[in-house]
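One structure below.
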Amino acid sequence: MLIDTHCHIQMPPLDKDIEGAIKRANQAGVYKLIVVGCDLELSRKAIGISENYDGVFATIALHPQDAKKLTDKMWAEFEKMAENKNVVAIGETGLDYFKEYSPKEKQIEVFKKHIELALKVDKPLIIHNRDADEDSIRILQEYKVKKAVFHCYASGVEFARKVWQAGYFTSFTGMITYPKANALRSVVEECPLECMMVETDCPFLAPQKYRGNTNEPAYVVEVAAEITRIKNKDLKEIEEITTRNAEEFFGI
Ligand SMILES: [Zn+2]
């Protein structure tokens, strides 16, 4: 059994057939899904789906790229949603200095609000980090955050060591199956089993085998298979460990 710890089945085109995506995931042995919110509407939809299907959980946040759009009214709604029992984490939040759609200072301010909220409701954080390695970990440590996952890990191995050292998780997507992703595969190779989770980040980042198609939760199997290959382990062991990590992390 596997868990897709980060999917956006409430986003187009997956939102047209949410039931089908969940069913295909279950048939592939993926019995739990974390549907991740990136704005108010997508967070609301994530909660809605989690209320309709067993094994489906939600998270809520405003993506760092939209940090500049945050209003007090919007935040009050996020605060309310954070208390929902089906909401198992705050995220994806963090910093994106690659695209920098919102100014850095604003991103940091909004990231801190999410951290404070996570601490208040005692839920873990899902971190989106692009080209912001040092700031993202520094801020988490300033707040003494204990539970965080660097989702869709795409930074180098040296930074990964700092993440693991801090007690945080790295989560891997279908990116690790791409022919050019050797640097990322060496991160997987070094990643302690107790620090890793698997995800699709669908509808984005379809694994190599399905590249060009819409990604979906069932394909997290490909991520686990690639980890198995890189680490030279049994698939069963990778399934068990990543699932246990996710269950403990999200409390599901
Ligand atoms: Zn995502």
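Since the model is a prediction, treat every value here as computed from it, not as a measurement.
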Side chain to side chain, [X] and [Y], heavy atoms closer than 4.5 Å:
X    : Y    : value
I90  : F78  : no
I22  : P217 : no
V149 : T5   : no
D15  : I9   : no
K32  : I252 : yes
I3   : Y31  : no
I230 : I227 : no

Does K112 qualify as a cation-pi partner of Y143, given the criterion of NZ or CZ under 6.0 Å from the six-membered ring centre and within 45 degrees of its axis? no
Looking at every heavy atom in both [X] and [Y], which two are closest together, and how far apart are they?
X    : Y    : answer
Q10  : V35  : OE1-CG1, 3.4 Å
F159 : S136 : CZ-OG, 4.3 Å
P203 : T214 : CB-CG2, 3.9 Å
F172 : C191 : CE1-SG, 4.1 Å
V223 : T173 : CG2-C, 3.6 Å
M197 : A246 : SD-CA, 3.6 Å

Looking at [Y], is its backbone amide N or carbonyl O close enough to the side chain of [X] to form a donor-acceptor pair, meaning the two atoms are under 3.5 Å apart?
X    : Y    : value
T243 : M1   : yes
H114 : L62  : yes
E216 : A21  : no
K68  : P103 : no
K99  : Q65  : no
S186 : A183 : yes
Y168 : V145 : yes
S50  : N86  : no
N245 : L193 : yes
Q208 : I176 : no

From [X] [atom1] over to [Y] [atom2], what is the distance, rounded to the nearest 0.5 angstrom?
X    : Y    : atom1 : atom2 : result
K236 : D234 : NZ    : CG    : 9.5 Å
E77  : E79  : CD    : CD    : 11.0 Å
Y210 : N215 : OH    : CG    : 10.0 Å
H63  : D96  : NE2   : CG    : 6.0 Å
E222 : R211 : CD    : CZ    : 13.5 Å
F57  : D54  : CZ    : CG    : 8.5 Å

Find out if a path of hydrophobic residues (ILVMFWY) with successive side-chain heavy-atom gaps under 4.5 Å connects [X] to [Y].
X    : Y    : answer
I127 : Y101 : no
Y219 : M196 : no
M81  : V36  : no
W164 : F150 : yes
M175 : I238 : yes

Crowded around [X] [atom1]? As in, over 12 foreign heavy atoms under 6.0 Å?
X    : atom1 : result
E19  : CD    : no
N232 : CG    : no
K16  : NZ    : yes
K69  : NZ    : no

Which residues pass the side-chain contact (heavy atoms from CB on, under 4.5 Å) test with [X], not counting sequence neighbours?
X    : result
F204 : H8, M11, D201
A89  : T59, P124, I126, F250
V221 : L2, A28, V30
A67  : S102, K106, Q107, V110

Under 6.0 Å between ring centres: does that hold for Y153 and F169? no
List the steps and the verdict of salt bridge (charged side-chain N to carboxylate O under 4.0 Å, His left out) for R24 and D17. CA-CA 11 Å; R24 288 190 295 280; D17 185 21; 3.5 Å; yes
Are F249 and V88 close enough, and set up right, to give a side chain to side chain contact (heavy atoms under 4.5 Å, CB included), and what steps lead you there? CA-CA 9 Å; F249 183 82; V88 294; over 6 Å; no
For residues D135 and Y97, is any side-chain donor paired with an opposing acceptor at under 3.5 Å? yes
Whether the E92 and H6 side chains hold a donor-acceptor pair (N or O, under 3.5 Å, no angle test) is what I'd like checked. yes
Listed once per pair and sorted, the salt bridge (Lys or Arg N to Asp or Glu O under 4.0 Å) pairs that draw on residues 178-199, sequence neighbours left out: R161-E190
Name all pairs fulfilling the salt bridge (Lys or Arg N to Asp or Glu O under 4.0 Å) condition that reach into residues 139-151, sequence neighbours left out, sorted by first residue then second. R138-E142
I137/V163 under side chain to side chain contact (heavy atoms under 4.5 Å, CB included): CA gap, chis, key distance, verdict: CA-CA 7 Å; I137 201 159; V163 170; 4.3 Å; yes
Sidechain N-carboxylate O distance under 4.0 Å for E51, K85: no
